[in-house]
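Down below is the structure, laid out as structure tokens.
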Amino acid sequence: MDTNIPMSNKKKLFLTGANGLLGQKLVSQLVEAGEFEVFASGRGECRLPEGGFTYISLDLEDANAVKEAIQGLSPDVIIHGAAMTHVDQCELNQDACYQANVVATETLAKAAEAIGAHFIFVSTDFIFSGEEGPLAEDAIPAPVNYYGETKEEAEKLVMNLKTPWAIARTVLVFGIAHDLSRSNIVLWVKGSLEAGKEIQVVDDQFRTPTLAEDLAAGCILIAKKGATGIYHISGDELMTPYQMALEVADYFDLNKDLIKRTDSTKFTQPAKRPLKTGFIIEKARKELGFEPKTFRTAIGILSKQIILARS
Ligand SMILES: NC(=O)C1=CN([C@@H]2O[C@H](COP(=O)(O)OP(=O)(O)OC[C@H]3O[C@@H](n4cnc5c(N)ncnc54)[C@H](OP(=O)(O)O)[C@@H]3O)[C@@H](O)[C@H]2O)C=CC1
Ligand SMILES: Cc1cn([C@H]2C[C@H](O)[C@@H](COP(=O)(O)OP(=O)(O)O[C@H]3O[C@@H](C)C(=O)[C@@H](O)[C@H]3O)O2)c(=O)[nH]c1=O
């Protein structure tokens, strides 16, 4: 808790995607720590419950507005988490996906470069083919869906910036936040089983599922340390969605018989998913001191948040 630095001497941190799952966790942790003056941007109205930061309503596809905002604020650090993240919608609406994930990132990155800000880009395991895993930072990208292609293209433009940059890649993020525009695997499994609904869950895709709070903590470590380069920031347990579903059912004492084991040849989605991903996080551990929760501990944290949200 470092709130006794007068606001004027604090470094300014600007983040995007404030209303999203990662964004809400970033704002909450940054406000709690008090080290940065926080400027949180989102599309449309602010959907965050608490204060302690400046909200900026900004559509990142409005290039002039983005340039004006960044030149006006002149932040020291930018964490860019905003994206079109619904993978199947990205496959079916590729122009919208390109505008959100590549063009908007380029506009913001160039604005960061113009003021010499430290630019932190949040990326994904979906830049990889899924032929092999788990993966370290030097693995070669080969995306198998359009969402992954756009995130790979965005990474490339970030790597060419002439301002300090970092890329925080993550995997299958889960958590609970206010008024989210999409669900995530833990909430989806829990909700389905509580409703007595049978679910088909693949057992041949491998991930290192990541608690949203841990991803936020990893991004903040990069910001605080002024770290540059690529970091894999994810959970540390390699699991299939089927194993995750069983773990969720076990924790919440729900009916495991409703979880039907399947595989990617039978269960298909509009966008192909890479089979084997998951990250090796030793670099983030060593250079940042990053340490994620176990999946079980993370579910416990979520469970408490759900109870709190209901009270
Ligand atoms: N969730 C996951 O499993 C994973 C996510 N990631 C990456 O992490 C980052 C954060 O993901 P997550 O928090 O789950 O995503 P969310 O979908 O929860 O949040 C993304 C946010 O970006 C905002 N956004 C989208 N387009 C624009 C735009 N044109 N202008 C302004 N804001 C925009 C959305 O606004 P609105 O609320 O109005 O829709 C939303 O609040 C993303 O970059 C994603 O690619 C990487 C790996 C896994
Ligand atoms: C809906 C569903 C998913 N699954 C599996 C497929 C997949 O491996 C896992 C999650 O599927 P979803 O479609 O919910 O999530 P998905 O779109 O795969 O999540 C991705 O989001 C983007 C933003 C990322 O960057 C990726 O890292 C990844 O987290 O669960 C099933 O087995 N059965 C189902 O009915």
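The first residue of the sequence shown is numbered 1, and numbering continues consecutively from there.
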Can you see which heavy atom on Ala168 is nearest to which on Cys219, and at what distance? CB-SG, 4.2 Å
Where the side chain of Asn184 meets the backbone of Gly175, is there a donor-acceptor pair that is under 3.5 Å apart? yes
Sequence-distant partners of Gln94, side-chain hydrogen bond (donor to acceptor under 3.5 Å, both in side chains), two or more places apart: none
For Thr297, all residues meeting side-chain hydrogen bond (donor to acceptor under 3.5 Å, both in side chains), sequence neighbours excluded: Thr294
Quick one: do Lys256 and Asp250 satisfy salt bridge (charged side-chain N to carboxylate O under 4.0 Å, His left out)? Show the steps, please. CA-CA 8 Å; Lys256 289 181 186 165; Asp250 190 49; 3.4 Å; yes
Report yes or no: does Arg273 contribute a side-chain atom to a donor-acceptor pair with the main-chain N or O of Val144 at less than 3.5 Å? no
Quick one: side chains of residues 241-249, donor-acceptor pairs under 3.5 Å with protein atoms, not counting sequence neighbours, listed by atom name and distance.
from   : atom 1 : to     : atom 2 : distance (Å)
Gln243 : OE1    : Thr240 : N      : 2.8
Glu247 : OE2    : Arg296 : NH1    : 3.0

When rounded to the nearest 0.5 Å, the distance separating CZ of Arg169 from CZ of Phe121 is 10.0 Å
Geometric cation-pi criterion, Lys151 with Phe126: 6.0 Å, 45°: no
For residues 104-116, dump all side-chain donor-acceptor pairs below 3.5 Å to protein atoms at least two apart in sequence or in another chain.
from   : atom 1 : to     : atom 2 : distance (Å)
Thr105 : OG1    : His80  : NE2    : 3.0
Thr105 : OG1    : Asn101 : O      : 2.8
Thr107 : OG1    : Val103 : O      : 3.0
Glu113 : OE2    : Lys162 : N      : 2.5

Quick one: do the Ser264 and Gln205 side chains pair a donor with an acceptor below 3.5 Å? yes
Residues 45-56 side chain polar contacts: donor-acceptor under 3.5 Å, at least two apart:
from  : atom 1 : to     : atom 2 : distance (Å)
Arg47 : NE     : Asp179 : O      : 3.3
Arg47 : NE     : Asp179 : OD2    : 3.2
Arg47 : NH2    : Asp179 : O      : 3.4
Tyr55 : OH     : Asn19  : ND2    : 3.1
Tyr55 : OH     : Gly42  : O      : 3.2
Tyr55 : OH     : Gly44  : O      : 2.8
Tyr55 : OH     : Glu45  : O      : 3.4

Could you list the donor-acceptor pairs under 3.5 angstrom formed between side-chain atoms of residues 303-311 and any protein atom two or more places apart in sequence or on another chain?
from   : atom 1 : to     : atom 2 : distance (Å)
Gln305 : NE2    : Glu213 : OE2    : 2.7
Ser311 : OG     : Leu308 : O      : 2.6

I'd like to know if the side chain of Lys25 reaches the main chain of Leu211, judged simply by a donor and an acceptor atom lying under 3.5 Å from each other, with no hydrogens or angles considered. no
